[in-house]
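Take a look at the structure below.
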Amino acid sequence: MEHLNFPNESAEYRAARNALLNDEMALRAQIESVAAKRRALPLGGEVAEDYVFERIGQNSMPERVTMSDLFGSHGTLMLYIFMYGPERDQPCPGCTHLLDGMDGAARHIGQRAALYIVAKSPIARLAAFAHRRGWEHLSLLST
């Protein structure tokens, strides 16, 4: 990109900008290298037990569900840990903000992976909060 010049730029600026561009390209190459190593990792260990969660079932009543059942027809299970435990008066504002946006995407994510939002609060409390926020597409679980 040494042929690119901005109006009235100094030679000193251009040299520094070109050096920065080279560093940015090297960083990008390193990020790609690390990502390839992450994708090539061998499988981890098996889960020692089939964890049990609680959710609101088809009959609108709480029901127990095992982690292995959460996959459904998908090979990928995505769990987001929502920081809203029973000791908290209000959930984490950062989590709430993120989930506000994720609610819209959840329908599309669900086409390729199973997505659940997990918190330590009782399932009725989670469902009530989700209703107040207008979340219509997030699947909630209680631990």
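Everything numeric in this text was worked out from a predicted model, so none of it was measured.
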Check salt bridge (charged side-chain N to carboxylate O under 4.0 Å, His left out) between [X] and all other residues, then give those that pass, not counting sequence neighbours.
X      : answer
Asp100 : Arg133
Arg64  : none
Glu136 : none

So, using side chain to side chain contact (heavy atoms under 4.5 Å, CB included) as the criterion, who are the partners of [X] when residues are at least two apart?
X     : value
His74 : Ala114
Met25 : Leu21, Asn22
Tyr51 : Val47, Glu49, Phe53, Met67
Ser60 : none

Nearest 0.5 Å please: distance from the [atom1] atom of [X] over to the [atom2] atom of [Y].
X      : Y      : atom1 : atom2 : answer
Asn5   : Arg14  : CG    : CZ    : 5.5 Å
Arg17  : Ser10  : CZ    : OG    : 13.5 Å
Ile123 : Thr143 : CD1   : OG1   : 10.0 Å

Between side-chain atoms of residues 28-44 and protein atoms elsewhere (two or more places apart, or another chain), which donor-acceptor pairs fall under 3.5 Å?
from  : atom 1 : to    : atom 2 : distance (Å)
Arg28 : NH2    : Glu32 : OE2    : 3.0

Could you list the donor-acceptor pairs under 3.5 angstrom formed by side chains in residues 125-132, with sequence neighbours left out?
from   : atom 1 : to     : atom 2 : distance (Å)
Arg125 : NE     : Tyr84  : OH     : 3.2
Arg125 : NH1    : Gly85  : O      : 3.0
Arg125 : NH1    : Ser121 : OG     : 2.9
Arg125 : NH2    : Tyr84  : OH     : 3.4
Arg125 : NH2    : Arg88  : O      : 2.4

[X] with [Y], same ILVMFWY side-chain cluster at under 4.5 Å:
X      : Y      : value
Ile56  : Val118 : no
Ile109 : Phe71  : no
Tyr80  : Leu77  : no
Leu140 : Leu99  : yes
Leu70  : Val52  : no

Atom of [X], atom of [Y] and distance for their closest heavy-atom approach:
X      : Y      : value
Thr96  : Trp135 : O-CZ2, 3.9 Å
Leu141 : Arg55  : CD2-CB, 3.7 Å
Ser142 : Pro122 : OG-CA, 3.8 Å

- Flag if over 12 foreign heavy atoms under 6.0 Å of CD, Gln90: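 Open.
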- Query: Listed by chain and number, what are the side chain to side chain donor-acceptor pair (under 3.5 Å) partners of Ser73, not counting sequence neighbours?
  - Reply: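 Side chain to side chain donor-acceptor pair (under 3.5 Å) list for Ser73, sorted by chain: empty.
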